[in-house]
Amino acid sequence: MIDPASRPGTPAQVQLGDDGRLRHFIDIEGLPKALLTEILDTADSFRGVQEAQVKKVPLLRGKTVANLFFENSTRTRATFELAAKRLSADVLNLDIKTSSTAKGETLLDTLQNLEAMQADAFVVRHSDSGAAHFIASQVTPRVAIINAGDGRHAHPTQAMLDMLTIRRHKGDFSKLRVAIVGDILHSRVARSQILALNTLGAAEVRVVAPRTLLPVDVEALGCRVFTRLSEGLAGADVVIALRLQKERMDGALLPSESEFYRHYGLTRDSLAWAHPEAIVMHPGPINRGVEIESAVADGPRSVILDQVTNGIAVRMAVLSMAVSGQTREREQRRQESQV
């Protein structure tokens with residue numbers, strides 16, 4: 001049964017309350033620059049929590065966050081769990097493989113049972129594009145839904161932790177040329193990064209890949225397309241390498257990994273085409289010797305470990321903002337019902 005309070009519509013419409021504040025975090029598309037900046041500013045404030053002796057704040061005390069990962073993940077799931085715990089929330093990690101969904105219970109029934117247990121937020125990773133949007137709009141609209149990656153569609157918290165990392169190292173987005181290199185076709189991260197960079201006003205967003213790993217009409221997202229690494233990296237201030245997602249590939253899209261590395265791998269030699277002060281990023285997990293050389297991944301320009309640290313702060317920000325938005329709406333409904 002569909003909740004009558006659901007809000008069908010675009011992800012942007014579903015994500016925001018009547019006051020324009022965050023109530024779900026599903027996709028970057030359609031969100032205003034002011035809101036993305038608020039997420040970054042809030043995350044920046046939480047960086048201090050991570051450096052404190054007691055790494056906790058009471059913002060979500062008494063709240064419950066359920067991690068629902070229908071796809072395998074280590075880093076994303078761990079950082080969401082740490083983020084929720086540092087906000088003082090109770091955390092439920094549902095093992096989908098041994099849950100009732102494996103015994104025949106529908107996803108809808110599982111989610112509605114968790115909602116009945118008074119869960120306040122669901123962190124959802126799913127192989128189907130649009131799964132988080134469906135849950136937020138049609139299944140449990142009064143629970144804050146955070147998209148931890150859906151199919152090839154979006155990974156908004158990864159994009160925002162990347163934006164925080166870029167902002168902390170480079171400052172003003174309006175002066176930056178950013179090159180995203182690798183498997184653009186299968187990457188939900190790339191799509192979210194492109195949208196976030198354009199919303200925040202980056203001077204130029206580039207994607208660099210062989211034609212077989214480029215989506216049709218990728219330029220429509222707001223980027224320049226390059227098939228030669230030397231041209232795509234020329235003068236770039238930020239270089240983001242993407243993992244080859246072999247688990248999502250159908251057919252022979254590449255001759256071999258070694259051939260990809262020879263033409264598109266980030267090495268000390270190829271990085272020389274970028275700006276001398278360019279930073280190197282990777283959303284992980286890293287395939288060393290496939291998309292990036294170890295000397296680059298571990299080198300002085302790499303900010304990959306900063307991305308991981310910033311991931312906790314960004315996920316703290318998004319969880320606190322979305323749950324707060326849902327709490328405000330519940331209080332408003334309560335007051336209206338008493339009038």
Legend entry - Set of residues satisfying side chain to side chain donor-acceptor pair (under 3.5 Å) with respect to E38, sequence neighbours excluded: R21

Legend entry - Minimum side-chain heavy-atom gap D298-R288 below 4.5 Å: yes

Inset, instruction - Please indicate whether R268 has more than 12 foreign heavy atoms, meaning atoms of other residues, nucleotides or ligands, lying under 6.0 Å from its CZ. - result: no

Legend entry - Beyond-backbone contact of E329 with R142, side-chain heavy atoms, under 4.5 angstrom: no

Legend entry - Distance in Å, I166 CD1 paired with D172 CG, rounded so as to fall on 0.5 Å steps: 12.5 Å

Inset, instruction - Would you mind telling me which of D44, D306, T309 makes a side-chain contact (heavy atoms from CB on, under 4.5 Å) with L164? - result: D44

Legend entry - Pairwise side-chain contact, H155 with Q193, heavy-atom cut-off 4.5 Å (strictly under): no

Legend entry - Close side-chain approach of Y261 and T267, heavy atoms under 4.5 Å: yes

Inset, instruction - Show the numbers, then the answer: is there a salt bridge (Lys or Arg N to Asp or Glu O under 4.0 Å) between R262 and E259? - result: CA-CA 5 Å; R262 188 164 71 88; E259 186 74 1; 3.2 Å; yes

Inset, instruction - Kindly indicate whether the side chain of H263, heavy atoms from C-beta on, has any atom under 4.5 Å from the side chain of L229. - result: no

Without placing hydrogens or testing angles, list every side-chain donor-acceptor pair under 3.5 Å for residues 316-324, not counting sequence neighbours.
| residue | atom | partner | partner atom | Å |
| --- | --- | --- | --- | --- |
| S320 | OG | M316 | O | 3.0 |
| S320 | OG | A317 | O | 2.9 |
| S324 | OG | R328 | NH1 | 3.0 |

Inset, instruction - Run the numbers on E29 and R191 for salt bridge (Lys or Arg N to Asp or Glu O under 4.0 Å), then give the verdict. - result: CA-CA 9 Å; E29 186 173 8; R191 180 179 178 277; 2.7 Å; yes

Inset, instruction - May I have the step-by-step check of side chain to side chain contact (heavy atoms under 4.5 Å, CB included) for D27 and H153, ending in yes or no? - result: CA-CA 9 Å; D27 195 359; H153 176 242; 3.3 Å; yes

Inset, instruction - Starting at CD of Q307, measure out to CZ of R168 and round the result to the nearest 0.5 Å. - result: 13.5 Å

Inset, instruction - State whether a side-chain donor-acceptor pair under 3.5 Å links N310 with T165. - result: yes

Legend entry - Same apolar cluster: L242 and V308, side chain cutoff 4.5 Å: no

Inset, instruction - Can you establish whether the number of heavy atoms outside K55 located under 6.0 Å from its atom NZ is more than 12? - result: yes

Inset, instruction - Apply side chain to side chain contact (heavy atoms under 4.5 Å, CB included) to the pair L114 and L92, showing each step before the final yes or no. - result: CA-CA 10 Å; L114 289 169; L92 173 63; 3.7 Å; yes

Legend entry - Distance-only polar pair, side chains of D120 and Q326, donor-acceptor under 3.5 Å: no

Inset, instruction - Please name the pair of heavy atoms, one in A203 and one in S174, separated by the smallest distance, quoted to 0.1 Å. - result: CB-O, 3.2 Å

Legend entry - Separation of E293 CD from D269 CG (nearest 0.5 Å): 7.5 Å

Legend entry - Close side-chain approach of F122 and T140, heavy atoms under 4.5 Å: yes

Legend entry - Validation row: M281, V238 side chains within 4.5 angstrom (heavy atoms): yes

Inset, instruction - Could you check if a side-chain atom of R86 sits within less than 4.5 angstrom of a side-chain atom of F46, using non-hydrogen atoms only? - result: no

Legend entry - For A236 against A274, the heavy-atom pair lying closest together: O-CB, 3.7 Å

Legend entry - Distance (rounded to the nearest 0.5 Å) between T64 OG1 and M117 CE: 10.5 Å

Inset, instruction - Would you check, one step at a time, whether the test side chain to side chain donor-acceptor pair (under 3.5 Å) holds for T157 with R315? - result: CA-CA 7 Å; T157 60; R315 285 158 181 153; 3.2 Å; yes

Legend entry - Rounded distance [0.5 Å steps], CG in L197 versus CE in M163: 4.0 Å

Inset, instruction - Establish, yes or no, whether the cationic atom of R125 lies under 6.0 Å from the six-membered ring centre of F69 and within 45° of the ring axis. - result: no

Inset, instruction - Check whether more than 12 heavy atoms from other residues, nucleotides or ligands sit under 6.0 Å from atom CD of E277, and answer yes or no. - result: no

For a quick test of your reading: what N or O donor-acceptor pairs under 3.5 Å do the side chains of residues 220-228 make, sequence neighbours left out?
| residue | atom | partner | partner atom | Å |
| --- | --- | --- | --- | --- |
| R224 | NH1 | E204 | OE2 | 2.7 |

